[in-house]
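Notes to accompany the following structure.
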There are 2 protein chains.
Amino acid sequence: MANLTKSEEDYLESIYVIQQEKKVVRIKDIAKHLNIKLPSVTEAVKKLSQKSLTIYERYGYVQLTSKGKKHAQEVFKKHQAVFTFLTKILRVKKETALKDACLIEHNLSAETLEKLIKFIEKNN
Amino acid sequence: MANLTKSEEDYLESIYVIQQEKKVVRIKDIAKHLNIKLPSVTEAVKKLSQKSLTIYERYGYVQLTSKGKKHAQEVFKKHQAVFTFLTKILRVKKETALKDACLIEHNLSAETLEKLIKFIEKNN
DNA sequence: TATATAAGTTAGTCTTACCTAACAATATAT
DNA sequence: ATATATTGTTAGGTAAGACTAACTTATATA
């Protein structure tokens with residue numbers, strides 16, 4: 001288990017989400033999605049590649065490895081669970097829920113995630 | 001509205017909690033509570049004092065200003081709400097809930113907090 | 001094909017928030 | 001009262017993760 005930082009989780013999740021929308025992921029797409037500057041992305045993607053979480057070569061596309069994808073999906077799952085709970089059950093405004101979910105997604109233990117998902121299924 | 005970092009919120013909350021238990025707060029108490037080293041605390045408390053969130057003089061006690069206390073209470077309230085939700089409603093294990101709450105407390109919007117509290121009141 | 005624009009990289013800087021090692025002050029115990 | 005232990009401070013270091021400025025590569029257009 002890689003033990004990723006929030007920042008790394010954000011990158012992986014972004015790449016995952018962008019890929020589902022656009023099939024191909026560029027440095028600038030990630031920058032836009034995370035609202036940060038290009039050089040920060042270049043550097044981060046290099047590091048993720050060193051950790052075998054992404055595949056990247058200069059000026060090319062960014063891809064997730066299967067390991068990277070697994071982590072990305074895990075984070076995304078947490079995001080979705082929290083977002084659904086906030087909007088459907090607490091009836092928090094969409095924009096607020098989105099912001100909160102983007103932060104809370106990094107702080108959910110496996111146990112809480114599991115129980116949250118079950119709770120949503122029952123109460124929705 | 002001061003806009004505090006997570007770290008600053010942690011310090012304020014710690015000071016607040018310790019004060020309720022011990023009446024007097026020392027640098028070492030905070031270090032123990034947050035599980036960090038003394039010099040980190042000294043430095044942080046200096047900064048908080050510069051921001052008028054704490055009152056401190058070398059080798060003395062640490063106190064919250066009313067401004068600092070307000071922030072501390074706000075964080076503590078979020079912590080309690082999340083912890084209660086996790087333990088009472090999701091039935092997450094105490095230790096897990098505590099860990100999760102310590103992280104999530106920094107990422108709850110005012111709107112979500114408010115709605116979470118109402119939800120707990122109704123469903124408990 | 002030459003050139004302008006967009007995208008990406010490199011180098012260097014900044015801030016936050018920790019740390020260790022060494023030293024200083026305070027409190028405690030003999 | 002002095003030695004010792006505890007607590008706190010100072011100085012300096014490190015890592016993560018962002019940034020800007022300057023440069024390079026790639027792409028698009030005239």
### Message
Per the salt bridge (Lys or Arg N to Asp or Glu O under 4.0 Å) rule, what does the pair list look like for residues 91-112 of chain B, sequence neighbours excluded?
### Response
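Pairs touching residues 91-112 of chain B that pass the test: B:Glu111-B:Lys115.
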### Task
Write out all pairs satisfying salt bridge (Lys or Arg N to Asp or Glu O under 4.0 Å) with one or both partners inside residues 39-54 of chain B, taking only residues at least two apart or from two chains.
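Sorted result for residues 39-54 of chain B: B:Glu8-B:Lys51.
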### Message
Closer than 3.5 angstrom, by distance alone: can the side chain of A:Asp29 be matched with the main-chain N or O of A:Val25 as a donor-acceptor pair?
### Response
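Between the backbone of A:Val25 and the side chain of A:Asp29 there is no qualifying donor-acceptor contact (under 3.5 Å).
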### Message
Would the distance check show the side chain of B:Thr84 and the main-chain N or O of B:Gln80 forming a donor-acceptor pair, the cut-off being under 3.5 Å?
### Response
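Yes; at least one donor-acceptor contact below 3.5 Å.
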### Query
Do we see a donor-acceptor contact under 3.5 Å between the side chains of A:Ser49 and A:Thr54?
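Side chains of A:Ser49 and A:Thr54: pair found under 3.5 Å.
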### Task
Could you tell me whether the side chains of B:Ser109 and A:Thr96 share a donor-acceptor contact shorter than 3.5 Å?
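Side chains of B:Ser109 and A:Thr96: no pair found under 3.5 Å.
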#### Entry: B:Tyr16-B:Tyr11 aromatic ring centre distance below 6.0 Å
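No, too far apart.
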Take atom [atom1] of [X] and atom [atom2] of [N], then tell me their distance rounded to the nearest Å.
| X | N | atom1 | atom2 | result |
| --- | --- | --- | --- | --- |
| B:Ile30 | C:dC18 | CD1 | P | 12 Å |
| B:Tyr61 | D:dT7 | OH | C1' | 12 Å |
| B:Ile27 | C:dA25 | CD1 | P | 17 Å |
| A:Leu38 | C:dA11 | CG | C1' | 16 Å |

### Task
Name the residue closer to the 5' end of DNA chain C, choosing between B:Asn35 and B:Arg26 according to the nucleotide with the nearest heavy atom.
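Final value for this comparison: B:Asn35.
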Between the protein and nucleotides 20-26 of chain D, which nitrogen or oxygen pairs are less than 3.5 angstrom apart?
residue : atom : partner : partner atom : Å
D:dT25  : O4'  : A:Tyr59 : OH           : 3.4

### Task
Just call it for A:Ile36: base, sugar-phosphate, or nothing, with non-hydrogen atoms closer than 4.0 Å on any strand.
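Sugar-phosphate contact only.
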### Query
What does B:Lys32 touch in the nucleic acid at a heavy-atom separation under 4.0 angstrom: a base, only the sugar-phosphate, or nothing?
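No contact.
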### Query
Which letters describe nucleotides 12-17 of chain C, given B = protein heavy atom under 4.0 Å from base, S = only from sugar-phosphate, - = neither?
-----S
Show me the donor-acceptor pairs within less than 3.5 Å that the side chains of residues 32-39 of chain A make with the rest of the protein, sequence neighbours left out.
residue : atom : partner : partner atom : Å
A:His33 : ND1  : A:Ser14 : OG           : 2.8

### Side chain proximity check, B:Lys88 to B:Ile120, heavy atoms < 4.5 angstrom
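Side-chain contact under 4.5 Å: no.
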Could you write out each protein N or O paired with an N or O of nucleotides 4-6 of chain D at a distance under 3.5 Å?
none

### Phosphate OP1/OP2 of C:dT9: any A:Tyr56 side-chain N/O under 4.0 Å
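True: A:Tyr56 side-chain N/O within range (under 4.0 Å) of C:dT9 OP1/OP2.
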### Query
Out of B:Glu13, B:Glu9, B:Lys78, which one pairs with B:His106 under the side-chain hydrogen bond (donor to acceptor under 3.5 Å, both in side chains) rule?
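Single side-chain hydrogen bond (donor to acceptor under 3.5 Å, both in side chains) partner of B:His106 among B:Glu13, B:Glu9, B:Lys78: B:Glu9.
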### Task
Would you kindly confirm whether A:Ile18 and A:Val75 end up in one hydrophobic cluster when ILVMFWY residues are joined by side chain heavy atoms under 4.5 Å apart?
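In one cluster: no.
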